[in-house]
Amino acid sequence: KMAMIEFSHVDKYYGKFQALKDINLEISQGEVVVIIGPSGSGKSTLIRTINGLEEIESGRLVVNGLNLADKKTNLNELRRNVGMVFQHFNLYANKTVLENIMLAPRLVLKRDEAENKRLAMELLETVGLAEKANSYPRQLSGGQKQRVAIARSLAMKPKVLLFDEPTSALDPEMIDDVLNVMQEIAKKGDMTMVVVTHEMGFAREVADRVIFFDQGQVVEDDSTEDFFKHP
Ligand code: ADP
Ligand code: ADP
């Protein structure tokens with residue numbers, strides 16, 4: 001399968017602090033990769049480089065054919081194809097759920113309004129929130145907001161979906177609803193997913209591959225089966 005994300009010898013600094021150290025990783029199209037590791041080890045930094053939220057200092061990083069080491073690379077083009085779901089949903093508070101989902105496709109892709117709405121409603125069905133289309137974010141629980149955020153990312157039809165601790169800010173009883181939606185997306189098989197999470201059950205059941213990250217480095221990179229064989 002085609003490589004969708006390729007890191008080679010990537011370094012990243014915050015001032016003098018080296019957050020990423022010689023990262024070498026290749027992630028294929030359709031692969032579901034979970035990244036685990038201690039807090040402060042650089043997981044978030046790593047995935048934020050993939051959609052250009054963090055610049056890299058050296059090495060080569062190619063995502064969907066775009067070279068991110070080149071400062072001239074068009075980040076808008078990159079982000080059309082690389083969606084990201086954050087810990088804190090970042091929904092537009094003054095827009096309805098449906099509007100939150102329709103906004104970017106309308107503005108960025110100029111998608112036809114009827115088609116945009118049809119797709120948005122279909123995505124709300126997928127995440128189990130069709131009845132909330134006309135609600136505002138403040139009327140939703142954390143888990144519902146996160147599912148809307150996922151639907152919003154999907155509306156752009158990205159090739160890659162990045163998740164930065166998508167369930168860490170949620171009450172325990174809502175975590176499974178969000179993980180189940182992510183599992184459904186993964187099952188379809190066409191989305192490349194990179195997920196930073198502490199949810200080991202999700203890693204075990206959904207990931208193709210698990211990466212253990214520590215102190216800015218890939219310490220382990222295994223198939224899920226091999227990863228969980230370890231004592
Ligand atoms: P993780 O996601 O594994 O918790 P992060 O990628 O958030 O780790 O952070 C890795 C390290 O880089 C931490 O030591 C953090 O304090 C530091 N760091 C993250 N972002 C910045 C920043 N914008 N400026 C300076 N240091 C940062
Ligand atoms: P989280 O781990 O929940 O993502 P953090 O507190 O690590 O949140 O980071 C929140 C924001 O602060 C991020 O934008 C990150 O880049 C920045 N940040 C994290 N650590 C540092 C740091 N040591 N110096 C400056 N900015 C930082």
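Numbers for residues simply follow the sequence, beginning at 1. Whatever order the structure lists them in is the order used to number ligands and atoms, beginning at 1.
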Between G40, S44, A19, flag the one that comes closest to atom 10 (C) of ligand 1 by a heavy atom.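 Of the listed residues, G40 has the closest heavy atom.
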Of the listed options Y14, F213, Y13, closest to atom 18 (N) of ligand 1 (non-hydrogen atoms):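 When every heavy atom of Y14, F213, Y13 is considered, Y14 comes closest to atom 18 (N) of ligand 1.
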Over all atoms of both residues, closest heavy-atom pair of V127 and R147: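 Smallest heavy-atom distance, with atoms named: O-NH1, 2.9 Å.
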Within the 4.0 Å heavy-atom shell around [X], which atoms of ligand 1 are there?
X   : value
T45 : 5 (P), 6 (O), 9 (O)
K43 : 1 (P), 2 (O), 3 (O), 4 (O), 6 (O), 8 (O)
S39 : 4 (O)
P38 : 3 (O)
S41 : 1 (P), 3 (O), 8 (O)

Taking only non-hydrogen atoms of G15, do any sit less than 4.0 angstrom from ligand 1?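 Outside the 4.0 Å threshold, so no.
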Tell me whether ligand 1 is touched by G37 - counting only heavy atoms on the residue side and a distance under 4.0 Å.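 No.
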Quiz question: by atom type and distance under 3.5 Å, do the side chains of D22 and Q217 form a donor-acceptor pair?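 No.
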Please say whether the positively charged group of K12, taken as NZ for Lys or CZ for Arg, lies over the ring of Y14, i.e. under 6.0 angstrom from the six-membered ring centre and within 45 degrees of the axis.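 Yes.
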Checking R48 against F86: charged group under 6.0 Å from the ring centre and within 45 degrees of the axis?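 Cation-pi check for R48 and F86: fails.
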Between K21 and Q215, is there a donor-acceptor pair closer than 3.5 Å when you use the side chain of the first and the backbone of the second?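 Yes, because the side chain of K21 sits within donor-acceptor range (under 3.5 Å) of the backbone of Q215.
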Are E99 and R106 close enough for a salt bridge, meaning some N to O gap below 4.0 Å?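 A salt bridge is present here (some side-chain N lies under 4.0 Å from a carboxylate O).
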Would you call E31-R209 a salt bridge at under 4.0 Å N-O?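 The answer is yes: the pair qualifies as a salt bridge.
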Mind checking whether F17 has an N or O less than 3.5 Å away from an N or O of ligand 1?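 No, F17 has no N/O under 3.5 Å of an N/O on ligand 1.
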